[in-house]
2 protein chains.
Amino acid sequence: MLKDIIDNNENYQPGLSIDCVIFGFHDNQLKVLLIKAHRADKWSLPGGFIPVDQDIDTAAITVLNGRTGVEGVFLRQFATFGKVKRNEQHFDKKTLEYLQIEEEKGKWLTRRFVTIGYYALVDFSKILPNPVNKHEIVEWIDHKEVPELILDHREILDKALDTLRVELNLMPIGYNLLSEKFTIPELQKLYETILDKKLDRRNFLRKITNIGILTKLDEKKSNVAHKAPNLYSFDKEKYDEVLKNGLNQGW
Amino acid sequence: MLKDIIDNNENYQPGLSIDCVIFGFHDNQLKVLLIKAHRADKWSLPGGFIPVDQDIDTAAITVLNGRTGVEGVFLRQFATFGKVKRNEQHFDKKTLEYLQIEEEKGKWLTRRFVTIGYYALVDFSKILPNPVNKHEIVEWIDHKEVPELILDHREILDKALDTLRVELNLMPIGYNLLSEKFTIPELQKLYETILDKKLDRRNFLRKITNIGILTKLDEKKSNVAHKAPNLYSFDKEKYDEVLKNGLNQGW
DNA sequence: TTACATTGCGTCACAATAACACATTAAAGG
DNA sequence: CCTTTAATGTGTTATTGTGACGCAATGTAA
């Protein structure tokens, strides 16, 4: 896969890559999709290169699609990372040999790279981590237990989470991360997990329903301990409207 | 200048550039610093390329510095633009000939480019547009009267302004755009201009002073018609604190 | 049947906000 | 020199939003 790209590297933007921070929500945990080559010792964000004949947004969708298999999800560019030394010493001679990349072509990889960061919000239940090949493990990892990552991927991940926290105050989030039907406590847990902060149940209910993007279903969650919570779904039309106009007007 | 870069293009990131949207405030107008080559018919954003041995943020500072001469101003990356056709047909044969760039080297310029957008906030009164060379006009232009721009620079400018509008709700703005001493009405005009919306005088005063970043000076503006308004300055320490923590907590 | 954790709904005090009234100031004009 | 005019400075009030709670309702488990 990588070798194919290197061997045809004239078809790709040189020194430019894409990295995706893919968020999912499960078991009250905010998960991040990470990959690890079997022979590698560190995990990394799923990433890819940019075909010269593809918009960068399209290339990002390709990356996301290749790892998760889902389409039409929330995907947004959040920052571009370009410190000089960010990928220094990433591909060593051994790795290039292992990948059967000839030395001359290897230079395409070892040069200084700038990477464009995208973050995605996906429905955990609809995704089965999709290993691109047998040399690679793909796994959902709780964002609080992310191990050491390659290069500056930790910084990229942190920035993505920061961005998500800010966006939470500007637009509704949840449509992309939860199943179609969900409960208010579930939605609240999502908010609490992203913000890393406890919220008051009753005030949350009031605020979230006042936005006017929720539809209360005539149905309760079953098989739960204690009182069964009501199920809700998003009113997609109003949701999109609020997404466009933003939540807080500020001034 | 451009020719120097092309002739030594191995020292620059290929297919990657930086464009700066430089904002200033003067005469109750939000101004943008634009440039135009004498022989060109369209204006453009000041931009530049990225030396392989420079962080992208550093390269952006270089661009800003080359056009305005000021240092230590507010500069922030806001988006990266990478549509496939964004710079198609930008450099035609004639232009390359005019610039005395040989055909082979010209390919470095005509290839598909991705550009990283930065926006800057500068004190208009401290800047004199600084033409890099005699082939180029540099001018402050009211953002409402920006003429047709090259490539997708209009899109970049719009996105920068959008970002600025959003940031206005997240952090204090003004320190970088106004003189050291200023009046509340001036600050309000700035906000109104950016937001393109009238604000209530009295409510604005209350909100802006409640933030706690302003110092009321024992001095009034002189030589003005009607009642002389009081002068204020920013309390830099508190300003920076609010900058870091944000204005609205949201949830 | 009871205990208990969790959900649903409501209350209250207080803060923030929008809309507006009125006094103050200083230049300009007769 | 006095009045007009167009700004600024300082309130006031009604409404809405927010944070911190109380309490009843629900459904499982002991």
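No experiment lies behind these values; they were computed from the predicted model shown. In what follows, chains carry the letters A, B, and so on, assigned in the order in which the sequence lines appear, proteins first and then strands, with residues in each chain numbered from 1. Side chains included, hydrogens not; waters and symmetry mates left out as well; all remaining heavy atoms used.
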Would you indicate which nucleotide in D/dG9, C/dC20, C/dT7 comes nearest to any side-chain atom of B/Pro229? D/dG9
Are OP1 or OP2 of C/dC9 and a side-chain N or O of A/Lys216 less than 4.0 angstrom apart? yes
Check: A/Lys227 side chain, D/dT26 base, donor-acceptor under 3.5 Å: no
Checking all strands, does A/Asn230 fall into the base, sugar-phosphate, or nothing category for heavy-atom contacts under 4.0 angstrom? sugar-phosphate
Does A/Lys207 make a cation-pi contact with B/Trp251 (under 6.0 Å, within 45 degrees of the axis)? yes
Is there, by distance only and without an angle test, a donor paired with an acceptor across the side chain of A/Asn203 and the base of D/dA20 below 3.5 Å? yes
Options D/dG9, C/dT7, D/dG19, nucleotide nearest the side-chain atoms of A/Arg206: D/dG19
From the set D/dT18, D/dG27, D/dT10, return the single nucleotide nearest to any side-chain atom of A/Lys207. D/dT18
Check this for me: does the side-chain of A/Arg201 come within 3.5 Å of the base of C/dG8 through a donor and an acceptor? yes
Run the side chain to side chain contact (heavy atoms under 4.5 Å, CB included) test on B/Leu170 and A/Leu170 for me, step by step, so that the C-alpha distance in whole Å, both residues' side-chain angles and the decisive distance to 0.1 Å come before the verdict. CA-CA 10 Å; B/Leu170 302 176; A/Leu170 303 175; 4.2 Å; yes
Find out whether A/Thr215 and A/Lys238 are in side-chain contact, i.e. whether some heavy atom of one side chain is under 4.5 Å from a heavy atom of the other. no
side-chain contact (heavy atoms from CB on, under 4.5 Å) with B/Ile173: of B/Asn176, B/Asn169, B/Leu177, only one passes, and it is B/Leu177
